[in-house]
> 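One structure, as structure tokens, below. Some questions next.
Letters go in sequence order (proteins before strands), and every chain restarts at 1. Note that the structure is a prediction, hence the values are computed from the model and not measured.
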Protein chains: 2
Amino acid sequence: MKRKVTLKQIAKELDVSISTVSKSLRNSLEIGEETRLKVQAFAKFYNYKPNNIALSLKNRKTKTIGIIIPEIVHYFFSTVINGIEQVANENGYSVIICLSDDSFDKEVRNMEMLANGSIDGFIMSLSKETQLKGDFHHITEVINQGMPVVMFDRVTSEILCDKVIIDDKSAAYEAVQSLIDKGRKKIALVTTVDYVSVGKLRTDGYTKALLDNGLPFNENLIIKIEDVDTCEVIIGKLLEDKAIDAVFAVNELFAVTSIKAANKMGLNVPEDLAVIAFTDGIISKYSTPTITTVSQSGKKMGNRAAKMLIERLELEHKDDEEEDENYKTEVIETHLVERESTN
Amino acid sequence: MKRKVTLKQIAKELDVSISTVSKSLRNSLEIGEETRLKVQAFAKFYNYKPNNIALSLKNRKTKTIGIIIPEIVHYFFSTVINGIEQVANENGYSVIICLSDDSFDKEVRNMEMLANGSIDGFIMSLSKETQLKGDFHHITEVINQGMPVVMFDRVTSEILCDKVIIDDKSAAYEAVQSLIDKGRKKIALVTTVDYVSVGKLRTDGYTKALLDNGLPFNENLIIKIEDVDTCEVIIGKLLEDKAIDAVFAVNELFAVTSIKAANKMGLNVPEDLAVIAFTDGIISKYSTPTITTVSQSGKKMGNRAAKMLIERLELEHKDDEEEDENYKTEVIETHLVERESTN
DNA sequence: TTTCAACACTATTACGTTTTCGTAAACCTA
DNA sequence: TAGGTTTACGAAAACGTAATAGTGTTGAAA
């Protein structure tokens, strides 16, 4: 139970000053070889490692990135974290993760807590509640304090900062187009409530694809799921009444649930009903049938977001008051992963 | 772009000492009401918040928990994080997450980095490589420095510390017993390589269940998957040759792959082949047929682990050199979630 | 008048680093 | 030997906070 040794202790033990110890360990030329080697040997023996907190305080940077996401038990978000962690790690950064649980208050609390010196910058995706309220003061505040923020996936145009997104609209367009190309005429959209930014965009893409192909746009073919649990019933109803031949779901869960509902009614996927899901996750790959998806590489998003943040951090460190602030929005390309649920 | 205000700045601005500002903000009685209110008003106006890093340095605790896990894009691990974060959050702790990617070196590097003052304690699950090597010096070292460690799921008996596990052996026993109870006689085990601690234990439970029921133990019915990609072929072969009537898989992926392999050969699940998986994740719930699983509540594990760690942290803070070190191993109960893949 | 307490505030220290500046001693040069 | 330059080290400040230990003034009790 030997506590970590500090410069002070080493200095005392070797009867030199703290400065001498510090300089010796950083191989400063100011220190004579004899002393330097002695100190280094001693430090090595006691396994001296500089205290990160003290360094953070002194350097006024923590080499830590704060991540705030709605939830973590979620394939997409965990792949994003994976991507962030990878780049962060390669650049000597750690990541500290906070979950908003899709709650505005928790998002605000977490941001305030982290903004008080704990981290150098944020990577975040907005909570549902925040998007609903449209209140982004906590983010503005952080940015005004000079702390860089990178938003991904669930972003808002009301905040000026770096962003990483996919082109939800054209990805949705492409998916629906592919259904149309396969002869599907009555395509339902299973989506979330409107205030989630990505949900809105995907709906736009869906609509545009229909109209561009001269297909009728029918409000009744769009169902907005609030609660996953009731999802199956609602979808079942849709299948029964409307004689639809394809489903475009904004996430895997809605897609797999649609398939289950179809199966229960004796419909075959893909023969009677084609299904495409947004987000290429684990469910699509292992469901029966496997599901055609719009791949939305979370890992790549994480990589890019981390890269953008770190670049800004290292840059702003160089010449402090540049204030260029030429914020970028990077768009990650998507593509259709064709599987058994379409033919 | 106003940087965060500090005590010093407030003091200078109001022409009082730093101590006065500090005490005013903490409502000390030593400070006269007039001054106190003036300071508080000023601080509020400039949105003063104490700097976490400075507090950490002063208090010699960071209120941060370090988590080291093999991977994050993994249902079980992300639920554990969710559980940890929840309890941590309730107790004013943050979590900083590092991924070992199942690599020994990365695990060591991450631990060393975090151990240098960044966190107050660890919660971790061993990487495969670490378990294979059997080298735990990095963990011993951290513990010797007085930093508490809680291990979960993938643990080792070679390290004395708090642990949270499930009773893998008896959970496996129970699962296999349930298959036997349903009349299955030729039960295959699809597992991982041996050095993963939990894999070994689950195999033991499987074996014991067979023997206790007077069923023959057949080495050939146990297949150890090294690489998920080759899994389907191997399982297919097993089904062909051995005329088995049930599969007990140590994770969801192996289970769903077994089902796919069976389907391809025209076998029906559960009629011709019953399947049980370890770990109740998202795949089991949404696969077709849904899969009977051994629920292994990651969230609960996370909750317990965080609780144990925080309790130890707060305790050791009270009377520093108690050295009781009565380490506990908590066992999280499991239960069988019966679904369509067994009957 | 002395003493002592209460009041209202400040100085200092400590946490662990790094770095700037300073300085004594030794050496070199003319 | 006076003056200058190296060499080798130390003191102190700085990062931001909080707690302990003062300090000086006032007023009241002895």
> Once the angle between the rings of B:His74 and B:Phe77 is folded into 0 to 90°, is it parallel (under 30°), tilted (30 to 60°) or perpendicular (over 60°)?
tilted
> Using the side-chain hydrogen bond (donor to acceptor under 3.5 Å, both in side chains) criterion, which residues pair with B:Asn27? Sequence neighbours excluded.
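Residues passing side-chain hydrogen bond (donor to acceptor under 3.5 Å, both in side chains) with B:Asn27: B:Arg36, B:Gln40.
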> Strictly under 3.5 Å: I want the nitrogen or oxygen pairs between protein and nucleotides 23-25 of chain D, one per line.
none

> Rounded to whole Å, how long is the line connecting atom CG of B:Leu25 with atom P of D:dG16?
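Whole-Å distance recorded here is 16 Å.
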> According to side chain to side chain contact (heavy atoms under 4.5 Å, CB included), who are the partners of B:Thr156, at least two apart in sequence or on a separate chain?
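So B:Thr156 forms a side chain to side chain contact (heavy atoms under 4.5 Å, CB included) with B:Leu126, B:Phe136, B:Met151, B:Glu158, B:Ile159.
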> Nearest-Å distance, CG (B:Leu14) to C1' (C:dC9)?
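Answer to the nearest Å: 14 Å.
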> Is the phosphate of C:dG16, meaning OP1 or OP2, less than 4.0 Å from a side-chain N or O of B:Arg60?
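Affirmative; the distance criterion is met.
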> What pair of heavy atoms forms the shortest contact from B:Cys161 to B:Ile143, and how long is it?
CB-CD1, 4.1 Å
> Please name all residues satisfying salt bridge (charged side-chain N to carboxylate O under 4.0 Å, His left out) with A:Asp153, sequence neighbours left out, ordered by chain then number.
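With neighbours one apart ignored, the set is empty.
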> Report the residues that fulfil side-chain hydrogen bond (donor to acceptor under 3.5 Å, both in side chains) with A:Asp101, sequence neighbours left out, ordered by chain and then residue number.
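Partners of A:Asp101 under the side-chain hydrogen bond (donor to acceptor under 3.5 Å, both in side chains) test: A:Lys106.
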> For residues 11-30 of chain A, pull every pair meeting salt bridge (Lys or Arg N to Asp or Glu O under 4.0 Å), keeping only residues two or more places apart or in separate chains.
A:Lys23-A:Glu30
> Specify the separation, in whole Å, of atom CZ of B:Arg26 and atom C1' of D:dT17.
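Value for this atom pair: 9 Å.
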> Encode nucleotides 5-14 of chain D as B, S and - characters from 5' to 3', where the letter depends on protein heavy atoms closer than 4.0 Å: B to the base, S only to sugar-phosphate, - to neither.
---BBBBB-B
> To the nearest Å, how far apart are A:Asn116 CG and D:dG16 P?
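Result: 13 Å.
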> Assign B:Thr6 to base, sugar-phosphate, or nothing according to its heavy-atom contacts below 4.0 angstrom with the strands shown.
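Sugar-phosphate contact only.
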> Using whole Å, what does the distance between atom C1' of nucleotide C:dT18 and atom CG of A:Leu7 come to?
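It works out to 9 Å between those atoms.
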> Check the distance between D:dA18's C1' and B:Lys61's NZ and give it to me in whole angstrom.
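Between C1' of D:dA18 and NZ of B:Lys61: 13 Å.
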> Roughly, in whole Å, what's the span from NZ in B:Lys4 to P in D:dG16?
12 Å
> Please list, one pair per line, the donor and acceptor atoms closer than 3.5 Å that link side chains of residues 298-310 of chain B to other protein atoms, with sequence neighbours excluded.
residue  : atom : partner  : partner atom : Å
B:Lys300 : NZ   : B:Glu333 : OE2          : 3.4
B:Asn303 : ND2  : B:Gly83  : O            : 2.8
B:Asn303 : ND2  : B:Gln86  : OE1          : 3.2
B:Arg304 : NE   : B:Glu330 : OE1          : 2.8
B:Arg304 : NH2  : B:Glu330 : OE1          : 2.5
B:Arg304 : NH2  : B:Glu330 : OE2          : 3.0
B:Lys307 : NZ   : B:Glu311 : OE2          : 3.4

> Tell me: CG of B:Leu55 to C1' of D:dA18, nearest whole Å?
8 Å
> Could you name each residue pair satisfying salt bridge (Lys or Arg N to Asp or Glu O under 4.0 Å) that touches residues 124-147 of chain A, not counting sequence neighbours?
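For residues 124-147 of chain A, and leaving out neighbouring residues, there are no salt bridge (Lys or Arg N to Asp or Glu O under 4.0 Å) pairs at all.
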